[in-house]
Amino acid sequence: MASEAIRTGPVGWPERTLLPLVEAWAHKWLRQPDGPNAGEPWTFTEEQRRITAWWYAYDEHGDWLIRRGTLRRVKGWGKDPYGAVLCANELLGPCRIVRVGDTLKVRPNAAAWVQVAAVSRDQTRTTMRVFPALFSKEAVAKWKIDLNKEVIYAKSGQVVIEAITSSPRSAEGPRATFVLRNEIQNWLSTNDGHAMAEVIDGNLTKSRDGAARALSLCNAHVPGDDSVGEREWDAYQQIAQGRSRATGVMYDSLEAPADTKLDDEASLRHGLELARGDSVWLDIDRHVGEIWDPRTTPSEARRKYLNQIIAAEDAWVAPHQVDALLEPAPRPLQKSDMVALGFDGSKSDDNTGLSAVRIDDGASFQVASWDPS
């Protein structure tokens with residue numbers, strides 16, 4: 001039986017969502033910005049429909065179910081055009097729920113302040129350059145959209161989309177209503193990415209209706225870089241495992257099976273097809289060629305094209321290999337086995353552990369643990 005893709009994120013469809021309204025608005029006013037269908041009405045893929053449904057899911061009171069989200073996909077999936085569509089909807093489309101008497105009404109945001117954030121101008125431009133081809137001529141005329149390179153105004157300047165980069169001090173203060181955080185696997189402490197993320201979170205928290213949100217786009221991060229992408233993944237893991245009381249966080253990812261082999265063409269093609277989802281415009285032949293190019297390291301290939309969180313080549317074991325190491329179960333540890341010992345001590349009140357790794361096959365075993373409680 002062929003291995004299946006590894007999915008992370010909400011499954012099924014929410015009970016209440018603005019998806020039908022958002023989908024109809026985008027189809028009427030937006031256009032496919034590139035590719036063979038350029039100029040045709042915008043159409044979400046089924047995968048994009050599910051993500052959009054959850055992003056705009058709300059409860060019986062009209063409050064969002066999701067307050068912060070991360071979308072992790074392979075290169076070429078279409079993150080920038082999709083993110084631009086959400087920005088356009090947050091600027092002019094059905095994106096706010098208000099209560100009128102006993103009824104919930106959906107309206108555009110009359111004070112929309114949309115930001116496209118990244119740690120460099122080049123990264124913001126990948127999204128900002130989509131807008132001139134995305135907005136239809138009818139939309140430009142109806143809302144008097146002024147399409148500039150780094151700032152887009154509409155409704156005679158009443159609403160705006162702006163590009164911002166990692167200058168935390170200059171980003172402090174604006175009451176953004178929606179922020180698209182781009183390429184967060186590159187947001188590091190050394191380029192002010194951490195500070196930028198903190199400022200954005202603080203600005204969004206100040207929204208009067210509590211409806212301001214941020215959606216992050218990324219490829220798989222490099223473990224150990226301590227990027228914002230890695231921090232979002234770690235935070236989601238804590239929430240999913242019940243180690244945090246936080247709610248309303250979406251992390252949506254689709255990656256190739258852990259046992260995908262780069263040197264086996266059939267296995268590689270299967271992994272690439274699963275990782276791309278329904279973004280069928282991605283050229284599998286081209287990706288195979290890029291992966292087999294001697295300039296492409298295995299870790300880079302897995303992160304970019306298989307969407308796997310993978311350690312560097314000199315790491316003892318990569319995250320994507322952990323599941324593969326568990327099946328089949330390793331043979332029991334014998335007295336004659338040569339092992340390397342790992343000790344995790346404690347200087348406060350947490351646990352202490354001793355583990356052993358068998359040299360000949362890499363199988364790991366817990367030797368002992370001590371719980372101070």
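These numbers were taken from a predicted model, which means no experiment stands behind them.
Judged by distance alone, with hydrogens and angles left aside, the side-chain atoms of S244 form a donor-acceptor pair with the main-chain N or O of A246 at under 3.5 Å. A distance-only check finds a donor-acceptor pair linking the side chain of Q308 to the backbone of P257 [under 3.5 Å]. At least one donor-acceptor pair under 3.5 Å links the side chain of D337 to the backbone N or O of Q334. Judged purely by atom type and a 3.5 angstrom limit, D283 uses its side chain to pair as donor or acceptor with the backbone of D285. Remark: side-chain polar atoms of Q237 are not paired, donor with acceptor, to backbone N or O of D234 under 3.5 angstrom. A donor-acceptor pair under 3.5 Å is formed between the side chain of N219 and the backbone N or O of R73. With R213 contributing its side chain and I66 its backbone, the two residues share a donor-acceptor pair below 3.5 Å. Listed for the T17 side chain is no donor-acceptor partner under 3.5 Å among the backbone atoms of P14. Under the 3.5 Å distance criterion, the side-chain polar atoms of D264 are matched with a main-chain donor or acceptor of A266. R358 contributes a side-chain N or O that, together with a main-chain N or O of R331, makes up a donor-acceptor pair within less than 3.5 Å.
Look at D226 and R231 and you find a salt bridge, because one of the NZ, NE, NH1 or NH2 atoms lies within 4.0 Å of a carboxylate O, short of that distance. At a threshold of 4.0 Å, the pair D263-K261 does not count as salt-bridged, since none of the basic side-chain nitrogens sits closer than that to a carboxylate oxygen. Ion pairing of D201 with R68 is absent here, as no side-chain N (NZ or NE/NH1/NH2) approaches a carboxylate O to less than 4.0 Å.
Of the candidates W281, Y305, W292, Y305 is the only one forming a ring pair (Phe, Tyr, Trp, His ring centres under 6.0 Å) with H287. Exactly one residue among R302, R72, K75, E255 makes a side chain to side chain donor-acceptor pair (under 3.5 Å) with N307. That residue is R72.
Under the 4.5 Å side-chain heavy-atom criterion for ILVMFWY residues, no single connected hydrophobic cluster contains both I51 and L254. With hydrophobic clusters built from ILVMFWY side chains whose heavy atoms lie under 4.5 angstrom apart, L147 does not share a cluster with I164. Cluster annotation: W54 is connected to L180 through the hydrophobic network of ILVMFWY side chains, with a link wherever side-chain heavy atoms come within less than 4.5 Å. Residues I184 and V116 do not share a hydrophobic cluster, defined by chaining ILVMFWY side chains whose heavy atoms lie under 4.5 Å apart. Hydrophobic clustering, with ILVMFWY side chains joined whenever heavy atoms are under 4.5 angstrom apart, groups F131 together with V159.
Q48 and E46 share no donor-acceptor pair across their side chains, judged by distance under 3.5 Å alone. Side-chain atoms of E40 and Q32 form no donor-acceptor pair, as typed in the model, at a separation below 3.5 Å.
Atom CZ of residue R125 and atom OG1 of residue T165 lie 9.5 Å apart, to the nearest 0.5 angstrom. From I291, atom CD1 reaches atom CG of L306 across 5.0 Å, with rounding to the nearest 0.5 Å. In this structure, K155 NZ and K142 NZ are separated by 9.0 Å, a value rounded to the nearest 0.5 Å. In this structure, I309 CD1 and S253 OG are separated by 6.5 Å, a value rounded to the nearest 0.5 Å. Atom-to-atom distance recorded for E23:CD and K28:NZ is 15.0 Å, nearest 0.5 angstrom. Considering CD of E273 and NE2 of H270, their distance stands at 8.0 Å, rounded to 0.5 Å.
Note on ring orientation: taking the six-membered ring where Trp is involved, the planes of F44 and W42 are perpendicular (angle over 60°, cut-offs 30° and 60°). Classification of the W143-W29 ring pair by plane angle, with boundaries at 30° and 60°, yields perpendicular. F178 and W55 have perpendicular rings, their planes meeting at more than 60° on a 0 to 90° scale where under 30° would count as parallel.
Two residues are said to be in side-chain contact when any heavy atoms from C-beta on lie closer than 4.5 Å; V140 and K137 fail this criterion. The closest side-chain heavy-atom distance from I200 to L204 is below 4.5 Å. Here the side chains of W233 and V228 are not in contact, with every heavy-atom distance at 4.5 Å or above. Between S355 and S364, every side-chain heavy-atom pair lies at or beyond the 4.5 Å cut-off. Residues S227 and W187 form no side-chain contact, since every pair of their non-hydrogen atoms from C-beta on lies 4.5 Å or further apart. Looking only at side-chain heavy atoms (C-beta outward), L104 and V98 stay at 4.5 Å or farther from each other. In this structure, S267 and D259 have side chains that are not in contact, with every pair of non-hydrogen atoms separated by 4.5 Å or more. At a threshold of 4.5 Å between non-hydrogen side-chain atoms, the residues R269 and V288 count as touching.
Relative to the six-membered ring of W13, R50 misses at least one condition, a distance below 6.0 Å or an angle of at most 45° to the axis. With W113 as the aromatic partner, R175 does not meet the cation-pi criteria of under 6.0 angstrom to the ring centre and within 45 degrees of the ring axis. A cation-pi arrangement, defined by a distance under 6.0 Å to the six-membered ring centre and an angle within 45 degrees of its axis, is absent between R276 and W77.
Contact detail for P10 and D252: the closest heavy-atom pair is CD-OD2, 3.9 Å. Looking at every heavy atom in both residues, L217 comes nearest to K79 through CD1-O, 3.4 Å. For S189 against H194, the heavy-atom pair with the smallest separation is CB-ND1, 3.5 Å. Smallest separation of non-hydrogen atoms from H221 and P223: O-CD, 3.4 Å. A176 approaches A212 most closely through the heavy-atom pair O-CB, 3.5 Å. What you find for A154 and L92 is that their closest heavy atoms are CB-CD2, 4.0 Å.
Through direct or indirect side-chain contacts shorter than 4.5 Å among Ile, Leu, Val, Met, Phe, Trp and Tyr, V249 is connected to I239. Counting Ile, Leu, Val, Met, Phe, Trp and Tyr side chains that sit under 4.5 Å apart, directly or through other members, M338 shares a hydrophobic cluster with I359.
For R243, the CZ atom counts as densely surrounded, since its 6.0 Å shell holds more than 12 non-hydrogen atoms of other residues, nucleotides or ligands. Other residues, nucleotides and ligands contribute over 12 non-hydrogen atoms within 6.0 Å of the CZ atom of R121.
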message: Using salt bridge (charged side-chain N to carboxylate O under 4.0 Å, His left out), reason through K304 and E290 one step at a time and then give a plain yes or no.
response: CA-CA 10 Å; K304 288 183 176 180; E290 292 293 334; over 6 Å; no
- request: Starting from the C-alpha separation in whole Å, work towards a yes-or-no answer on side-chain contact (heavy atoms from CB on, under 4.5 Å) for V199 and M196.
  value: CA-CA 5 Å; V199 168; M196 188 72 165; 5.5 Å; no
query: Could you walk me through whether V119 and D192 pass the side-chain contact (heavy atoms from CB on, under 4.5 Å) check?
result: CA-CA 8 Å; V119 293; D192 285 333; over 6 Å; no
query: Should R16 and E60 be marked as a side-chain contact (heavy atoms from CB on, under 4.5 Å) after you check the CA-CA gap, both sets of side-chain angles, and the distance that decides it?
result: CA-CA 8 Å; R16 304 175 186 87; E60 66 273 17; 3.7 Å; yes
- request: Start with the C-alpha distance between E150 and T124, add both sets of side-chain angles, then the distance that settles side-chain contact (heavy atoms from CB on, under 4.5 Å), and finish with yes or no.
  value: CA-CA 8 Å; E150 295 183 359; T124 61; 5.8 Å; no
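Applying the side-chain hydrogen bond (donor to acceptor under 3.5 Å, both in side chains) rule to pairs touching residues 80-95 yields T52-Y82, Y56-N89, Y56-E90, D80-T126, D80-T127, D80-N182, E90-R96, sequence neighbours excluded.
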